[in-house]
Each structure stands twice: as structure tokens, then as C-alpha cells.
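Take a look at the structure set out below.
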Amino acid sequence: MSRASGARITLASYEEMLGGSPREQAELDIRQLQPYPNHPFTLYQGERLEQMIESISRHGVLEPVLVWKRENGYVILSGHNRVNAAKEAGLEKVPARVMENLTEQQATLIVTETNLHQRSFGDMSHRERALAIHMHYTAMKEDSQNRRLVETIERLCGVPMGNGRSIEKTCEEFGASQGTIARYLRINTLHPGLQEKIDEGKIPLRAGVELSWNSQEEQEQINGELERSGKPLSIRQAEQLRKHTGELDEGTIQGILNLQQESRQCAVRISEEVFRRYFPEKAKKKEIEETIAKALEAYFSKT
């Protein structure tokens with residue numbers, strides 16, 4: 001059953017996810033704990049981190065972290081923020097539940113499921129969504145045998161998916177359409193600098209999808225030119241860059257980035273009822289435009 005995009009994922013039990021239970025709780029030296037490779041979620045910062053540090057300083061780590069025992073130590077599966085705050089609070093040990101005999105796919109599912117249990121899809125940046133979906137999808141693909149949606153997804157995002165059932169399950173988990181999942185899988189292939197610009201609002205999400213079809217070398221060149229110019233990128237410009245995939249050079253990129261958007265005057269009348277429902281009586285034009293722009297961006301990122 002699909003969930004709303006702001007809803008939180010319901011965690012399966014350890015038995016359901018892994019066919020077994022974790023070992024009893026233990027106290028582990030923080031120096032033995034390693035972050036999960038390519039952990040897709042940004043650690044708490046600012047006030048949220050300070051609140052966690054203060055709480056841990058007073059009461060300790062109340063909820064054990066979940067770790068995966070490896071040959072050279074323990075990999076954190078759930079509790080990266082608790083471990084980080086505990087270090088800042090001066091603790092040397094934290095309570096932990098230790099998992100053993102996991103596959104990489106099982107570990108990945110635990111990382112994404114437990115982290116998403118604590119935050120909504122809407123709380124995440126585009127870059128976090130892209131990596132989390134990629135990790136979750138890849139893990140689901142390894143365990144799935146049903147290929148009903150393979151052709152559809154390959155057509156949507158142009159990436160060999162290997163198994164349709166996994167994308168269907170990922171859609172259910174994230175409460176998103178096939179199109180949204182496909183776009184985020186494309187975004188995950190983008191140059192890190194371009195992903196960052198999407199998060200900063202300098203590149204629209206759909207423009208990022210267009211750029212993902214360019215080679216990594218071309219993406220690096222495009223990112224460099226955007227860094228130098230300091231200008232945002234439009235969907236129209238991204239479409240032109242994709243159109244010239246395989247033949248882009250510095251001059252071509254600069255020419256496309258200098259393209260001016262066609263000037264269009266657009267007037268849309270909002271009824272008084274709608275206006276009063278969503279805007280204060282003395283709202284300024286700029287505030288109204290910004291609110292509408294954010295609402296449209298949120299809407300189109302889900303379709």
C-alpha cells in the first residue's frame with residue numbers, strides 16, 4: 001500500500017528483515033565504531049545537534065545504536081547521530097546491539113529503513129533522497145524475482161534496472177510514483193557538484209535529470225562553467241546540453257549557458273477565496289511568488 005510522501009516508513013521487525021535477532025546489548029568503545037560507507041543522510045547540525053549533545057550529557061545514550069560486526073570493528077547501521085553527539089559529549093562508550101552474519105543488501109536495507117523511520121521523505125535534500133532511493137532500490141533488486149516493470153523503468157530512466165519488482169516495492173516504500181523514483185535514480189548518477197546545486201536551488205530537479213544523460217566528463221565541465229559564471233541553470237539550457245551529448249566542448253557549453261530564456265508575460269488570476277486561504281492580507285508580491293514557486297517545485301518533484 002502506498003504512503004503519503006510525508007509519512008514515515010513502518011519498520012519490519014528484525015526477524016522479518018533478517019530471519020534472526022540481534023545479540024544482547026553491549027557497551028562498545030566509540031573508537032571501534034565506523035560509519036556506514038556512503039551513508040546517505042546528513043548528520044544533525046546546529047541547534048538539533050546541540051540539543052542531542054545536551055540530552056546525552058545529562059542522561060547518556062538511552063536507545064542503543066545498531067551495529068554490524070566486521071573483522072576490523074563495528075559498522076554503524078543505525079545511530080550515526082547518537083554516536084556523533086556522544087563523542088561531542090565526551091563519552092567513550094555507547095550501548096549497542098550487535099548484528100552478525102548480514103549480507104551487504106541486508107545491511108543496506110537496515111540503514112535506509114531505520115533512518116527513514118526517524119525522518120520523512122520530505123525532510124531530506126534531493127541528494128539524500130537520490131542516494132537513499134538508489135541504496136534501497138539496489139538492495140531490493142537483489143532479492144526480487146518479479147520482472148513485470150523492467151521495460152517500463154528502463155524506458156523511464158535509461159538505466160539497466162535488472163528487476164521490476166524492486167522498483168515497485170521502492171515506490172511503495174517512499175510513497176512516490178515510478179516517474180519520481182526514476183528521476184531520483186538519474187540524479188544519483190550526477191556529478192556531486194551538480195547535485196549540490198540542485199539542493200541549493202541553482203538547478204531545477206528536472207534540469208538535473210537532463211544533465212544526468214551527459215557523460216561524467218561533460219558533467220564536470222558543465223559544473224566548472226557554472227561555478228565560474230555563478231549563474232543558475234534553466235531546464236531549457238539543460239535540454240540543449242543533453243542534446244549535444246558527446247560533442248560538448250568549452251565553447252559549446254559557454255554558448256548554451258549564455259542562452260537567454262524567452263521573455264514571457266504570464267498573468268494568472270487567483271480567486272479571493274484562495275488568496276485569503278493561503279496568504280495574509282498584506283502579503284507582498286515577492287512573497288506570494290516565492291510561495292507559489294516552492295509549491296510548484298514540491299508538486300513537480302512528486303509527479
Side-chain angles (χ1 to χ4, degrees), residues 36-42 104-105 108-109 111-112 115-116 121 124-142 144 149-171 173-174 176-227 232-249 252-253 256-257 297 300-303:
Y36 187 81
N38 297 318
H39 186 249
F41 304 101
T42 302
E104 292 287 346
Q105 288 72 35
T108 298
L109 279 173
V111 171
T112 53
N115 277 279
L116 288 167
F121 193 53
M124 298 155 59
S125 70
H126 290 301
R127 180 169 38 178
E128 289 176 324
R129 293 178 188 179
L131 185 54
I133 286 173
H134 168 74
M135 291 173 66
H136 180 89
Y137 174 79
T138 302
M140 291 302 304
K141 182 176 65 176
E142 295 296 327
S144 179
L149 301 179
V150 175
E151 293 181 359
T152 301
I153 300 306
E154 289 182 344
R155 175 173 52 81
L156 282 170
C157 63
V159 177
M161 291 294 110
N163 199 302
R165 178 62 180 170
S166 54
I167 196 70
E168 184 180 59
K169 277 190 166 292
T170 301
C171 290
E173 289 293 329
F174 288 93
S177 69
Q178 290 181 27
T180 297
I181 297 296
R183 281 192 285 276
Y184 277 116
L185 287 171
R186 293 297 320 176
I187 292 299
N188 190 63
T189 68
L190 268 181
H191 183 281
L194 297 175
Q195 291 181 336
E196 185 175 345
K197 288 176 176 59
I198 291 176
D199 285 343
E200 294 172 348
K202 295 178 180 178
I203 298 178
L205 180 65
R206 294 198 176 206
V209 173
E210 294 293 326
L211 293 180
S212 72
W213 296 90
N214 291 93
S215 69
Q216 286 297 313
E217 182 179 352
E218 289 176 333
Q219 290 181 31
E220 187 170 355
Q221 287 181 297
I222 293 167
N223 184 63
E225 289 298 328
L226 290 172
E227 290 283 351
L233 183 78
S234 69
I235 295 176
R236 179 192 175 203
Q237 290 168 326
E239 289 172 345
Q240 289 298 312
L241 289 166
R242 175 182 174 180
K243 184 178 179 180
H244 290 83
T245 298
E247 54 189 53
L248 288 178
D249 55 27
T252 306
I253 294 173
I256 292 174
L257 295 184
E297 175 68 22
F300 283 111
S301 70
K302 298 173 185 175
T303 58

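Keep in mind that the numbers below use all heavy atoms, side chains included, and drop hydrogens, waters and symmetry copies.
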Next item on the list: Mark yes or no for whether E210, through its side chain, and E239, through its backbone, hold a donor-acceptor pair below 3.5 Å.
Entry: no
Notebook entry, point to check: What residues form a salt bridge (charged side-chain N to carboxylate O under 4.0 Å, His left out) with E217, not counting sequence neighbours?
Noted result: none
Checklist line | Contacts of type salt bridge (charged side-chain N to carboxylate O under 4.0 Å, His left out), residue E218, not counting sequence neighbours | finding: none
Notebook entry, point to check: Could you state the interatomic distance from CD (Q195) to CD1 (I187), rounded to the nearest 0.5 Å?
Noted result: 7.5 Å
Item checked: Reported CD-to-CD1 distance for the pair E225 and I256, which is rounded to 0.5 angstrom -> 11.0 Å
Next item on the list: Without swapping roles, check the side chain of R129 against the backbone of M124 for a donor-acceptor pair under 3.5 Å.
Entry: yes
Check: Out of curiosity, I235 CD1 to I203 CD1, how far, rounded to the nearest 0.5 Å?
Finding: 11.5 Å
Notebook entry, point to check: Measuring from L233:CG to L241:CG, what's the distance to the nearest 0.5 Å?
Noted result: 6.5 Å
Item checked: Pair Y184-H134, side-chain donor/acceptor within less than 3.5 Å -> no
Next item on the list: Carefully, step by step, assess R127 and E196 under the rule side chain to side chain contact (heavy atoms under 4.5 Å, CB included).
Entry: CA-CA 7 Å; R127 180 169 38 178; E196 185 175 345; 4.1 Å; yes
Checklist line | Smallest separation among heavy atoms of S234 and A207, with atom names | finding: O-CB, 4.1 Å
Next item on the list: Show the numbers, then the answer: is there a side chain to side chain contact (heavy atoms under 4.5 Å, CB included) between Q240 and Q237?
Entry: CA-CA 5 Å; Q240 289 298 312; Q237 290 168 326; 5.7 Å; no
Checklist line | Atom of T189, atom of S212 and distance for their closest heavy-atom approach | finding: OG1-CB, 3.6 Å
Check: Just how far is it from atom CZ of R186 to atom CZ of R206, taken to the nearest 0.5 Å?
Finding: 15.0 Å
Item checked: Between CG on residue L257 and OG1 on residue T252, distance to nearest 0.5 Å -> 10.5 Å
Next item on the list: Could you pull out the closest heavy-atom pair between T108 and Y36, with the gap in Å?
Entry: OG1-OH, 2.8 Å
Next item on the list: State which residues pass side-chain hydrogen bond (donor to acceptor under 3.5 Å, both in side chains) with H191; sequence neighbours excluded, sorted by chain then number.
Entry: none
Margin query: Minimum heavy-atom separation for G208 and I198, please, with both atom names.
Written below: CA-CD1, 3.9 Å
Check: Would K197 and E227 count as a salt bridge (Lys or Arg N to Asp or Glu O under 4.0 Å) if you check the C-alpha gap in whole Å, the side-chain angles of each, and the deciding distance to 0.1 Å?
Finding: CA-CA 10 Å; K197 288 176 176 59; E227 290 283 351; 2.6 Å; yes
Check: Has E220 got more than 12 heavy atoms of other residues, nucleotides or ligands less than 6.0 Å from its CD?
Finding: no
Check: For the side chain of N188 and the backbone of I133, is there at least one donor-acceptor N/O pair under 3.5 Å apart?
Finding: no
Item checked: Residue pair E128 / T42: nearest heavy atoms and the distance that separates them -> OE2-N, 2.5 Å
